[in-house]
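See structure below.
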Amino acid sequence: SSQTLSEPLISNNYDQAVAEAQAASERHRARYRAWKRKQLIRSLFLFILTFISTWLVGGLSYAIPVMLILFCHEMGHYLQSVRYRVPASLPYFIPMPLTPLGTMGAVIFQGHGVATRRQMFDIAVSGPLAGLAVTFPVLWIGLQGSTYGPLPRGQFLEFGDPLIITWIMELIHGPLPAGQGMFLIPMAFAGWVGVMLTAINLLPVGQLDGGHIAYTLLGRRAHLLALFTIAAAAGMILFQQNYSFVLLVILMLLTGIRH
């Protein structure tokens, strides 16, 4: 009879445990859905602010292509994270309503210690590749509308031109005449920003894409490479007495040397 009495008790305990587990699971799903809604609202809000800030500094012909480049770059990271089921936030765009860029780019936060090295490499490299896939067509179209012209007299703000932009410009318009400069229309400048941000992101330092890639290939030796990169950049600034890249060195220091 004791065995008969215990069977309903075991059954009731099991049913109660199942019900509690289901309730806990539902509460967890509800909290997760609420968190994702807040994340989506935050991401959309920052996207709109960044679109406005880039529009204010360069107009729609600059804002649309530069936001498209940033969006594709970050979605390259995000979709690869989804593919590997690595927890990652939605892209967070960073507005900066100051000329000439109007933005500081965008970031994605990834779960720490979740991805393998192979997965981390694929996630890190997918962003620059996706961004460049849009940057090059933007550059090509924008540079066709850009021109060479006489340099203005006196002091003026001049940006260095990456070799890829110089090559495309020469392919379209021929060599740069002596005493003249390259004048980019807003769409071409958006391509210039895409090249610059990609180059900065590929520096093998800390939490930059290049830092992630270096860590997957070199392990802890990547920390020494990051330290050497920062030291070399600081040394070049002091040697050339050209302090226009001080902010870049500060950015590398802020991202940290360790992965």
Side-chain angles (χ1 to χ4, degrees), residues 50-51 53-55 57-77 91 93-96 98-108 124-149 156-176 180-214 229 232-233 236-237 242 244-252 255:
T50 307
F51 182 83
S53 68
T54 53
W55 178 27
V57 302
L60 286 177
S61 57
Y62 168 73
I64 292 175
V66 80
M67 290 297 292
L68 181 62
I69 291 169
L70 292 176
F71 178 79
C72 290
H73 181 116
E74 296 305 323
M75 288 307 293
H77 292 311
F93 295 82
I94 306 173
M96 185 183 69
L98 300 173
T99 57
L101 304 183
T103 178
M104 288 293 289
V107 295
I108 278 182
V125 79
S126 294
L129 290 177
L132 288 176
V134 181
T135 298
F136 287 137
V138 167
L139 265 179
W140 181 263
I141 297 171
L143 290 178
Q144 292 191 51
S146 302
T147 59
Y148 296 138
F156 59 93
L157 183 63
E158 183 180 11
F159 299 100
D161 296 314
L163 286 177
I164 185 64
I165 295 180
T166 301
W167 291 338
I168 296 176
M169 194 70 174
E170 289 182 353
L171 182 64
I172 297 173
H173 298 286
L176 177 67
Q180 295 194 2
M182 191 184 303
F183 291 86
L184 305 181
I185 64 173
M187 187 174 187
F189 186 64
W192 184 94
V193 172
V195 172
M196 182 199 68
L197 292 179
T198 301
I200 292 174
N201 256 306
L202 287 176
L203 291 172
V205 177
Q207 297 301 313
L208 299 176
D209 293 337
H212 293 306
I213 294 171
T229 302
M236 185 173 294
I237 288 174
N242 181 354
S244 57
F245 290 99
V246 169
L247 288 178
L248 177 58
V249 174
I250 294 174
L251 172 64
M252 289 192 288
T255 62

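Position 1 is the first residue of the sequence, and the numbers go up from there. Since this is a predicted model, take the numbers as computed values, not measurements.
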If you measure from [atom1] on [X] to [atom2] on [Y], what distance do you get to the nearest 0.5 Å?
{"X": "Gln180", "Y": "Thr147", "atom1": "CD", "atom2": "OG1", "result": "9.0 Å"}
{"X": "Thr54", "Y": "Tyr62", "atom1": "OG1", "atom2": "OH", "result": "6.5 Å"}
{"X": "Glu74", "Y": "Ser126", "atom1": "CD", "atom2": "OG", "result": "12.0 Å"}
{"X": "Gln207", "Y": "Asn201", "atom1": "CD", "atom2": "CG", "result": "11.5 Å"}
{"X": "Thr50", "Y": "Leu101", "atom1": "OG1", "atom2": "CG", "result": "12.5 Å"}
{"X": "Leu163", "Y": "Ile168", "atom1": "CG", "atom2": "CD1", "result": "11.0 Å"}

Test item: [X] and [Y] side chains (from C-beta on) under 4.5 Å apart, heavy atoms:
{"X": "Ser146", "Y": "Met169", "value": "yes"}
{"X": "His77", "Y": "Asp209", "value": "yes"}
{"X": "Pro91", "Y": "Met75", "value": "yes"}
{"X": "Thr166", "Y": "Glu170", "value": "yes"}
{"X": "Phe189", "Y": "Pro100", "value": "yes"}
{"X": "Trp140", "Y": "Leu171", "value": "yes"}
{"X": "Thr103", "Y": "Phe93", "value": "no"}

Under 30°, 30 to 60°, or over 60°: which ring-plane class applies to Phe51 and Trp55, parallel, tilted or perpendicular?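 Tilted.
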Which heavy atom in [X] sits nearest to a heavy atom in [Y], and how many Å separate them?
{"X": "Val249", "Y": "Ala233", "value": "CG2-CB, 4.0 Å"}
{"X": "Pro186", "Y": "Gly58", "value": "CB-O, 3.9 Å"}
{"X": "Leu203", "Y": "Thr229", "value": "CD2-CG2, 4.5 Å"}

Side-chain donor-acceptor pairs of residues 127-137 under 3.5 Å, sequence neighbours excluded:
unit_1	atom_1	unit_2	atom_2	d
Thr135	OG1	Gly131	O	2.8

side-chain contact (heavy atoms from CB on, under 4.5 Å), that's the test. Do Val195 and Ile164 meet it? Break it down for me. CA-CA 9 Å; Val195 172; Ile164 185 64; 4.1 Å; yes
Go through it in stages, so that I can follow the logic: the residues are Val193 and Ile69, the test is side-chain contact (heavy atoms from CB on, under 4.5 Å), and I'd like the CA-CA distance, side-chain angles, deciding distance and then a yes or no. CA-CA 9 Å; Val193 172; Ile69 291 169; over 6 Å; no
Taking the six-membered ring where the residue is Trp, are the ring centres of Phe183 and Tyr148 under 6.0 Å apart?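 No, ring centres 6.0 Å or more apart.
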Crowded around Met196 CE? As in, over 12 foreign heavy atoms under 6.0 Å?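 Yes, because the 6.0 Å sphere around CE of Met196 holds more than 12 heavy atoms from other groups.
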Backbone of Leu143 reached by a side-chain donor or acceptor of His173 within 3.5 Å: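 Yes, the answer is positive, given that a donor and an acceptor are paired below the 3.5 Å cut-off.
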Begin with the C-alpha distance, continue with both residues' side-chain angles, and end with the deciding distance and a verdict on side-chain contact (heavy atoms from CB on, under 4.5 Å) for Met187 and Ile64. CA-CA 9 Å; Met187 187 174 187; Ile64 292 175; over 6 Å; no
